[in-house]
Every structure is written in structure tokens, then in C-alpha cells.
J.: 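Take a look at the following structure, please.
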Amino acid sequence: MTTLFQPVRAGRYDLTNRVAMAPMTRSRARYDGTPGELAALYYGQRASVGLVITEGTQPSDDGQGYLSTPGIYTDAHVAGWKPVADAVHAQGSRLFIQLMHAGRMSHPDNTPHHRTPVAPSAVAPGAPMFTATGMQDIPVPRALSTAEVQATVADFRLAARRAIEAGADGVEIHGANGYLVHQFFAPNANTRSDRYGGDIANRVRFALEVAAAVADEIGADRTAIRLSPGSTAGGIAEGAEGPALYRHLVTALDKLGLAYLHLMDQGDETLLRDLRAAWQGTLVLNRPGRPREAIGADVASGLADVEAYGQMVLANPDFIARLQQDAPMNAPKHANYYGGTEVGYTDYPTLAEQA
């Protein structure tokens, strides 16, 4: 039986085990988007997992959604990410920087240029956004022109190159959770009449163009993508065609030979198994809220090649040791998830420190 502690191939890399650290926003970057001074310690502490996927990292000024999130498109960003890559590699793990363009899930107060958020169409998500002055309604975004959509693809390409310059092993394109790539999938967020809107083939075009551009820039075997079929995050409604869209999309993505596909399960087991069958490469599966006793079940059954964990890795830097020793887990400090100091970030104790 395959276990979490066996190695596995992901693109050009051999991972030491089949556990990934899921991407989690921590909002501790500097104002200019450079990773904070504790970022290298934070990621290095958790690098006993085979694959470390970073928090969502914007590929451009337009891509920023939240306060104090990192970027990867300037020289300062590259310099800031290098110690993170070094810290992860020192522990024998691999680092993929997640490229996240927030699209309409943003507010002018949170971005360096203070411009209106951009999106597939001028449709607001109907949700508030935390800003430096408190919660504010997200404004109606500005619809990207066809030329601007193509320029955004180029932004992803540049960010991928800069990630490799920073020492990352690859990038994961964020196509989930209500952000820009996901917004193109949803009829209630994408009302375009050009080649990026309308039928399924058009609504997945942006995602496929981003994946192809990134793969061309840094290699398909260093390129990955995350999807969350059925997610309603950020006001997204995929509609009745949602499952068909993902079957079409994953079949097309499979032809690119990417390093891995990262799926965030939303409860549709039939669709999940269909996507597993359509995807010939490495599959990373994240099941939010998975109970301790179910850890390893998807790898053991062959449904997934790697299992991704968020909060449990956040709160347990020695997550692998705790699994191997069947040791208790630290509880996450929810009040310290976003922003702040080392509290709830780099101060979670290991088993050795507790002993």
C-alpha cells in the first residue's frame, strides 16, 4: 500500500514524501510586497513536507487583493524570496510559489497604485474587504479589454520567470477560490462577448493561455495549477455547466504535461474521480477539514498522489514527525492567521521543544 511517507515524482522533481503544505494567506509581507523578515523561518520550519506551496503571491500591482500580501515581479520581491527558497531547500523540500491574481476580490486601498480592481466583467462580488481603515464594500470592478487579458497572461509569464530567479522550484497558478482565473469560469462573473466569454471553451481559455505561457517560460515540469470545482468563494456561481467545464479544462490541461494538478475538494466525489481519470500526471488533493483519522486515505487508495494540508501544517511545523509518531497536534491560533508578529506564525512548538 502506498503511504504518505514514500517519495513521489512531481514534474522534474522527486519529493521526499507525499505531503504538501497548502497555500495559506498570512498577510505579513512588507508594504511593497517583499516577503516579511520572518517568511524564511516560517516556511523553513515547515519544510519536512515534500512540497511547500506558498501563500498567494500577486504577479502585478493589479493582482493584489489583500493587505500585506507578497508579490513576485520586482527585483525587491526576488531578493525577498531567495532566503525563503534557501530555507526550504536546506530541509530537503521543494518550493512552489503560488501565483494569485485576485481580480475583482480587491479594493483600491489595498493596492500600491490604488486603482479600481479588474475582472472579466464589471460585476461586483457582493462581498466586503478588509482594508487598513476597516471593512469596506468591494467596488464594481473594471472589465479587462481583450488586449488587457492578454497583457495579464504576460504578467503571469513574467512572475513565473521571476519566481525561478528567486530560487523557487516552480509555480502554482491559482485557478480557485473566487480569484481572477476562477472568475473567468463562472457565468455570473464573466459576461464577456469576446473569445474569453460565452461557452465553456471560451471561459477556460484564459486559464489555458496562462498555463501555456508559464509552461513555455519556465518549463511545463515546473508549472502547476490549483482548481476548486464547485467552490462559491467570492460570490462565484459556476452554474449547471460547472462539472462539464472542469472535465473539459482538466482534459486540456493534461495535454500540457504540467508538474501537478492541485484540486481543492468541494464534496462532489463523482466529479473528483472523473478528473482523476482525466489527469495522467501527479494529483495533489486538498480536502478542507479532513479528520486526523483520514490522513493518508486518498494516497493509499490511489485517488491522489499527494495530500495537501493547510491549518494542520500551519500549527505544526513538524507535521511529518507528528504523523509518524502518532503524536498530538497543536491547535491553530485563528486570531493570528492574518498579519501581526511571530505570534501564531513562527512560534508554534515542535515535539522536541514541548518535551
Side-chain angles (χ1 to χ4, degrees), residues 22-36 39 54-73 77 97-144 148-149 152 155-156 159 173-191 206 226 228 230-238 264 266 288 310-311 314 332-341 344-345:
M24 292 170 286
T25 296
R26 303 308 310 272
S27 294
R28 283 171 166 86
R30 297 170 187 163
Y31 181 77
D32 69 348
T34 302
T54 75
E55 60 208 286
T57 304
Q58 56 260 16
S60 64
D61 287 353
D62 280 343
Q64 184 167 359
Y66 304 104
L67 282 172
S68 303
T69 52
I72 185 61
Y73 54 97
H77 298 158
I97 293 178
Q98 188 190 65
L99 302 182
M100 177 181 125
H101 192 306
R104 69 182 189 174
M105 296 303 296
S106 182
H107 192 281
D109 287 0
N110 289 354
T111 61
H113 55 21
H114 303 301
R115 293 207 297 255
T116 300
V118 297
S121 302
V123 181
M129 169 66 67
F130 182 79
T131 71
T133 56
M135 299 300 290
Q136 297 189 53
D137 290 336
I138 294 176
V140 175
R142 181 179 63 80
L144 292 162
E148 286 174 325
V149 173
T152 304
D155 289 338
F156 275 91
I173 299 159
H174 199 343
N177 295 29
Y179 300 117
L180 184 66
V181 174
H182 196 191
Q183 290 159 25
F184 273 90
F185 300 161
N188 75 325
N190 179 356
T191 61
F206 177 66
R226 190 185 208 210
S228 55
S231 172
T232 58
I236 292 295
E238 294 171 348
M264 188 172 180
Q266 302 294 319
Q311 295 182 81
L314 179 155
K333 304 171 185 176
H334 298 277
N336 303 113
Y337 273 9
Y338 307 112
T341 63
Y345 189 50

J.: Report the relative orientation of the aromatic rings in His101 and Phe156; use parallel for angles under 30°, tilted for 30 to 60°, perpendicular for over 60°.
T.: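 Aromatic pair His101/Phe156 classed parallel.
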
J.: How many angstroms lie between CD in Gln58 and OG1 in Thr69, if you round to the nearest 0.5 Å?
T.: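 Answer for the CD-OG1 pair, Gln58 versus Thr69, is 3.5 Å.
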
J.: Do the ring planes of Tyr73 and His77 sit parallel (below 30°), tilted (30 to 60°) or perpendicular (above 60°)?
T.: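 Rings of Tyr73 and His77: perpendicular, as their planes differ by over 60°.
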
J.: Run the side-chain contact (heavy atoms from CB on, under 4.5 Å) check on Tyr337 and Met24 step by step: do they pass?
T.: CA-CA 9 Å; Tyr337 273 9; Met24 292 170 286; over 6 Å; no

J.: Taking atom CD1 of Ile72 and atom CD of Gln98, what is their separation to the nearest 0.5 Å?
T.: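 So the gap between those two atoms works out to 13.5 Å.
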
J.: Which heavy atom of Pro120 sits nearest to which heavy atom of Ala143, and what is that distance?
T.: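 Shortest heavy-atom separation between Pro120 and Ala143 comes out as O-CB, 3.8 Å.
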
J.: Atom CE of Met100 and atom CD1 of Ile173: how far apart are they, to the nearest 0.5 Å?
T.: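 Answer rounded to 0.5 Å: 14.5 Å.
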
J.: At their closest point, which heavy atom of Ala22 faces which heavy atom of Arg226, and how far apart are they?
T.: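 Looking at all heavy atoms of both residues, the closest pair is CB-NH2, 4.4 Å.
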
J.: Of the non-hydrogen atoms in Ala237 and Pro187, which two are nearest, and what is the gap between them?
T.: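 Nearest heavy atoms, Ala237 then Pro187: O-CD, 3.5 Å.
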
J.: Between Gln183 and Asn190, what is the shortest heavy-atom contact and its length?
T.: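 Scanning both residues completely, I find the closest heavy atoms to be O-CB, 3.6 Å.
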
J.: Find the distance between CZ (Arg142) and CD (Glu148) and round it off to the nearest 0.5 Å.
T.: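 Arg142 CZ to Glu148 CD: 4.0 Å, rounded to 0.5 Å.
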
J.: Going by the rule salt bridge (Lys or Arg N to Asp or Glu O under 4.0 Å), which residues pair with Arg115 if we only count those two or more places apart in sequence or in a different chain?
T.: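 Testing Arg115 for salt bridge (Lys or Arg N to Asp or Glu O under 4.0 Å), a comparison that skips the adjacent residues, returns Asp62.
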
